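In what follows, a single structure is set out as structure tokens and then discussed.
Just so you know, these numbers use all the heavy atoms, side chains as well, and skip hydrogens, waters and symmetry mates. Atoms within a ligand are numbered from 1 in the order they appear, just like the ligands themselves. In this text, all values refer to a predicted model and were calculated from it rather than measured experimentally.
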Amino acid sequence: MTKKVKVRFAPSPTGDLHVGNIRTALFDWAYARHTGGTFLFRIEDTDTTRVTDEYIQAAIDTLKWLGLNWDEGPEVGGDNGPYLQSQRLGIYAEWAQKFLDQKDAYHCYCSAEELEAVREAQRAANVAPGYNGHCRDLTADQIAAYKAEGRLPVVRMRMPDGGTTFNDLIRGDVSFDHKFVPDFVLVRGDGSPLYTLAVAVDDVLMKVTHVLRGEDLLSSTPRQIRVYQAMGLAIEDYPVFAHLPFVMGQDNAKLSKRNGEVSIAWYRDKGFLPEAICNYLALLGWSPGDDRENVTMKELTELFTVEKVHSSPARFDMKKLEAINGDKIRALTIDEFLNWSLPFLTKAGVITGSADEIALVKLALPLIQERIIMLSEVPAMLKFLFVKNFAVEAESVSKITDDASKQVLQRSLKELEPLATWSHESIEAALRSSLIEEMGLKPRIAFGAVRIATTGSTISPPLFESMELLGKEASLARIRAGLEL
Ligand code: GLU
């Protein structure tokens, strides 16, 4: 009988989740959903010097925002909790003690300086760096002497001679010679566990069947497998590994946390939709076998298999993500577009959120849905409808103070003042027949001046519709004010 799949996403929130983390989470989620398995979310927060409560909450919020709902983990609970490693310290301590009792691990008293001296000597001799096994078989007297010095030992795992080979679902068989995997630390001198101990213990106790994670963790795998052995796990119960290739930046360098644009919070603030991010990241390093550029979450769960993940690094392409985001914005219903846009408008101070304002936003949104690629563009586009003390933006003033523009504005005023019906059709008809047909102006010149005068900017939603929404009184007042500039 095949086991029910359980996949976990286990970030260490030492900063905002970034693009690479999210792609891992997305693939974990998709694999769990595709197989009808469980998606487990665990917070690896044992590094208390770098993990903060804010980052933990941000990681939880980001997954929720993306729609990557989990079946076991923070907030939802489950049978294998707690799901924050900081709440499981007793468990790791017990296992470390067991490994010591079994002689799989030993206390190592080497000081930082002594370890550095070993490394220095290894460098000089040009041999692989790593712990030299100094404390593997200390005598009782040696131990007593170290204790008398007040040294606090770390717990170190004994790596047997030989090697480790495991089958990676993306890379096939991967082998590590233990010459290059020295005895490693499980528990620090202060009693705190290291990642390798906590991750392996939790994957076993939480009954994880598949570890899909970033390629940067490939080299830690033989150490984790060593912990499984020490825990007495049967080989057939080891989780299956799949190491996802790196996400590279446009410049072909690995995307790193140092680059602000890799943080998911940055994308949210810019007004990327979660569907666009998931759609784009899903196809970054995976494809269902065709060259599609769009995939819905539903299709992803139907089609996702690890075998179709590419083994070579994927290149992040902001232009593609923007194009997808534009597509997703255009595909929103007006009510959805409204819901996504309102927080951007209120945050920018364009509206306070009154019912009248919201009604006007709803009328204006169809005018810009085709024109924007990010929600953060909405406030600048609609500001002219709400602003109390209207003024033409500084860099556009000079574009309507020349004689030709003044003539355009004067004539526009004359044609628009008597209009009985204020609709975009009547405004357009009046301005076209006078400015274009009678005055013989090019539309860009004629309408450009009216646009700047009424909306304050060279960039706005379609002009006649904008003027209709703005209303006759305000439109004419602004044109008059434009003439005074
Ligand atoms: N907590 C680790 C990290 O964020 C990942 C653990 C794992 O996937 O094995 O780098």
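- Remark: ligand 1 atoms within the under-4.0 Å shell around heavy atoms of V199 are 9 (O).
- Summary of contacts: the protein heavy atom closest to atom 4 (O) of ligand 1 is S12 N, 3.0 Å.
- No part of F9 comes within 4.0 Å of ligand 1, judged by heavy-atom distances.
- Ion pairing of E299 with R292 is present here, as a side-chain N (NZ or NE/NH1/NH2) and a carboxylate O approach within less than 4.0 Å.
- Summarising the local packing, CG of D101 is surrounded by more than 12 heavy atoms from other residues, nucleotides or ligands at distances under 6.0 Å.
- Of all the atoms in ligand 1, the ones that sit under 4.0 Å from a non-hydrogen atom of L217 are 5 (C), 6 (C), 7 (C), 8 (O), 9 (O).
- Ring geometry for F99 versus W95: interplanar angle of 30 to 60°, hence tilted.
- Counting non-hydrogen atoms of other residues, nucleotides and ligands closer than 6.0 Å to CG of D291 gives a total of 12 or fewer.
- Listed by number with element, the atoms of ligand 1 under 4.0 angstrom from any heavy atom of A10 are 1 (N), 2 (C), 4 (O), 5 (C), 6 (C).
- In terms of protein heavy-atom proximity, atom 7 (C) of ligand 1 is nearest to R8 NH2, 3.2 Å.
- Which parts of ligand 1 touch P11 is read off a 4.0 Å heavy-atom cut-off, strictly below it: atoms 1 (N), 4 (O).
- Under 4.0 angstrom from ligand 1, there are no non-hydrogen atoms of N21.
- Of the N and O atoms on the side chains of D47 and T49, at least one donor lies less than 3.5 Å from an acceptor on the other residue.
- Nearest heavy-atom pair across R371 and M381 is CB-CE, 4.0 Å.
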